[in-house]
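Keep in mind that what you see is a predicted model, and the values were worked out from it rather than measured.
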Amino acid sequence: MRIKALLLLGILGGGVVAPVLAEELGPFDEPVSEETLELPASDLDPDAKPQVACSRFAAFAVKEVDIGEIGAEKLSLIGPADACTVDTPGEKIVKDEVAGYFLGVSGDYIFFQASDGWNGGLPFVVYDRRTVGRLFDDAFAGDGFTEIKSGADTLVLHYQRSLTAECSLYKDTGACAAAIATKTGLAAKRIPDCTAIYDAEKKRTPDFKEEIDKLPTVINYPVEMRWAGGKATFSPMGGDVTCNLPS
């Protein structure tokens, strides 16, 4: 699942340059422009559409090289006016097990998303573009961030967090609910009853009933994440709390 789409309009110097519409990006900063350079198709995979995509901001650009496989071939930071090509002199490459595609920018913070979903959510990781340093990673459920506020050394995110617990609310209801409440900060009364979800899966695959009983519960809850002082703090917000089984 890739939630960020490229807008293609106009041709310049063999690449495609796209003015960006703010409403397409939600709470992320609006790039000055987006540019794509189509690459030659591979004989091994003629249906793939390899390309280089560059999202340009005032002080830098984020480059994504996509050869049609799962996850980008390369993610890097380049200068705001550097050429949008496969290899760029001086580029700062981002190599991260979570980072599969470029997601967006807020201030000095760059967001990358995983190549695919995990346990019903989508992992993401945040980097500081000034140091190209990794700050933290997490996962969201649904459509992503509802609010992003960024400052010089602070970042605040609102989203539906997807958290895989280390226990089963079905097998160890009381102890697991207490552990989840401690981990998330959710009040005990907000921990959902997930019995129906487990029972439905056991009915669907009756040969694995015992294994299903033990599956860790995935909790989805609205959260405010605050990055400050070199650490991330998660505080639950009001709204629906749901659960699902891991994928």
Side-chain angles (χ1 to χ4, degrees), residues 1-7 24-29 31 34 36 45 48-55 57 60-78 91-129 131-148 150 155-166 183-184 215-227 231-234 242-247:
M1 178 176 67
R2 188 178 182 185
I3 68 173
K4 185 175 185 299
L6 296 176
L7 307 176
E24 297 287 340
L25 300 176
F28 287 118
D29 293 349
E34 288 188 335
T36 61
D45 189 3
K49 297 180 180 180
Q51 65 176 20
V52 182
C54 296
S55 298
F57 299 85
F60 65 99
V62 182
K63 185 177 74 174
E64 177 181 289
V65 180
D66 187 348
I67 61 174
E69 297 180 353
I70 297 176
E73 178 73 9
K74 181 195 291 186
L75 294 163
S76 66
L77 274 62
I78 60 177
E91 66 183 328
K92 298 175 181 178
I93 298 175
V94 174
K95 288 186 177 180
D96 192 295
E97 63 180 8
V98 176
Y101 298 106
F102 170 57
L103 181 57
V105 164
S106 181
D108 290 316
Y109 303 99
I110 304 174
F111 295 68
F112 299 97
Q113 69 176 70
S115 303
D116 206 347
W118 177 256
N119 289 347
L122 184 64
F124 68 93
V125 61
V126 181
Y127 273 71
D128 187 327
R129 72 98 181 169
T131 61
V132 198
R134 190 185 204 271
L135 301 184
F136 67 94
D137 68 272
D138 199 34
F140 60 73
D143 296 328
F145 307 105
T146 57
E147 185 174 336
I148 300 177
S150 56
L155 178 66
V156 178
L157 308 175
H158 289 179
Y159 57 100
Q160 190 79 1
R161 189 184 193 196
S162 176
L163 178 69
T164 302
E166 298 179 355
K183 176 75 172 179
T184 63
L215 286 175
T217 305
V218 181
I219 296 292
N220 307 299
Y221 68 101
V223 73
E224 176 181 272
M225 190 294 308
R226 182 176 296 272
W227 173 266
K231 67 177 183 178
T233 302
F234 299 89
T242 62
C243 57
N244 59 267
L245 297 182
S247 54

Within the side chain of [X], is there an N or O that forms a donor-acceptor pair under 3.5 Å with the backbone of [Y]?
| X | Y | value |
| --- | --- | --- |
| Y101 | A114 | no |
| S162 | A141 | no |
| D29 | G107 | yes |
| D128 | L135 | no |

Under a 4.5 Å cut-off applied to non-hydrogen side-chain atoms, are [X] and [Y] in contact?
| X | Y | answer |
| --- | --- | --- |
| V105 | F60 | yes |
| V94 | L77 | yes |
| L215 | P246 | yes |
| L155 | F136 | yes |
| K63 | S76 | yes |

**Nearest atoms (heavy-atom pairs only) where N244 meets N119** =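 Answer, listing the atom of N244 first, then N119: ND2-O, 3.2 Å.
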
**Item:** Shortest non-hydrogen separation from S115 to G100 and the atoms involved
**Value:**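 For S115 and G100, the tightest heavy-atom pair comes out as OG-CA, 3.4 Å.
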
**Item:** Partners meeting side-chain hydrogen bond (donor to acceptor under 3.5 Å, both in side chains) with D96 (sequence neighbours left out)
**Value:**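 D96: side-chain hydrogen bond (donor to acceptor under 3.5 Å, both in side chains) contacts with Y127, R134.
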
Rounded to the nearest 0.5 Å, what's the gap from [atom1] on [X] to [atom2] on [Y]? Could you check?
| X | Y | atom1 | atom2 | result |
| --- | --- | --- | --- | --- |
| H158 | I148 | NE2 | CD1 | 10.5 Å |
| I93 | I78 | CD1 | CD1 | 11.5 Å |
| D137 | Q113 | CG | CD | 14.0 Å |
| L122 | L103 | CG | CG | 7.5 Å |

**Message:** Please enumerate all residues that pass salt bridge (charged side-chain N to carboxylate O under 4.0 Å, His left out) together with E73, with sequence neighbours excluded.
**Reply:**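 For E73 there are no salt bridge (charged side-chain N to carboxylate O under 4.0 Å, His left out) partners, ignoring immediate neighbours.
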
**Asked** Residues in ring pair (Phe, Tyr, Trp, His ring centres under 6.0 Å) with F124, at least two apart?
**Response**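 F140, F145, Y159.
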
**Item:** Sequence-distant partners of F234, ring pair (Phe, Tyr, Trp, His ring centres under 6.0 Å), two or more places apart
**Value:**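 With neighbours one apart ignored, the set is empty.
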
**Message:** So, using side chain to side chain contact (heavy atoms under 4.5 Å, CB included) as the criterion, who are the partners of T242 when residues are at least two apart?
**Reply:**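 By the side chain to side chain contact (heavy atoms under 4.5 Å, CB included) rule, T242 matches N220.
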
**Prompt:** With sequence neighbours left out, what residues match R226 under side chain to side chain contact (heavy atoms under 4.5 Å, CB included)?
**Reply:**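 V156, E224.
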
**Message:** Between E166 and K183, does any NZ, NE, NH1 or NH2 come within less than 4.0 Å of an OD or OE carboxylate oxygen?
**Reply:**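 The answer is no: the pair does not qualify as a salt bridge.
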
**Message:** Using a 6.0 Å cut-off, check whether atom NZ of K92 has over 12 heavy atoms from anything other than its own residue.
**Reply:**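 Atom NZ in K92 is not packed in, count stays at 12 or less.
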
**Message:** Test side-chain contact (heavy atoms from CB on, under 4.5 Å) on V126 and W227; report intermediate values, then the result.
**Reply:** CA-CA 10 Å; V126 181; W227 173 266; over 6 Å; no

**Request:** Return the orientation label for the F111 and F28 ring planes: parallel under 30°, perpendicular over 60°, tilted otherwise.
**Result:**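 Geometry flag for F28 against F111: perpendicular rings.
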
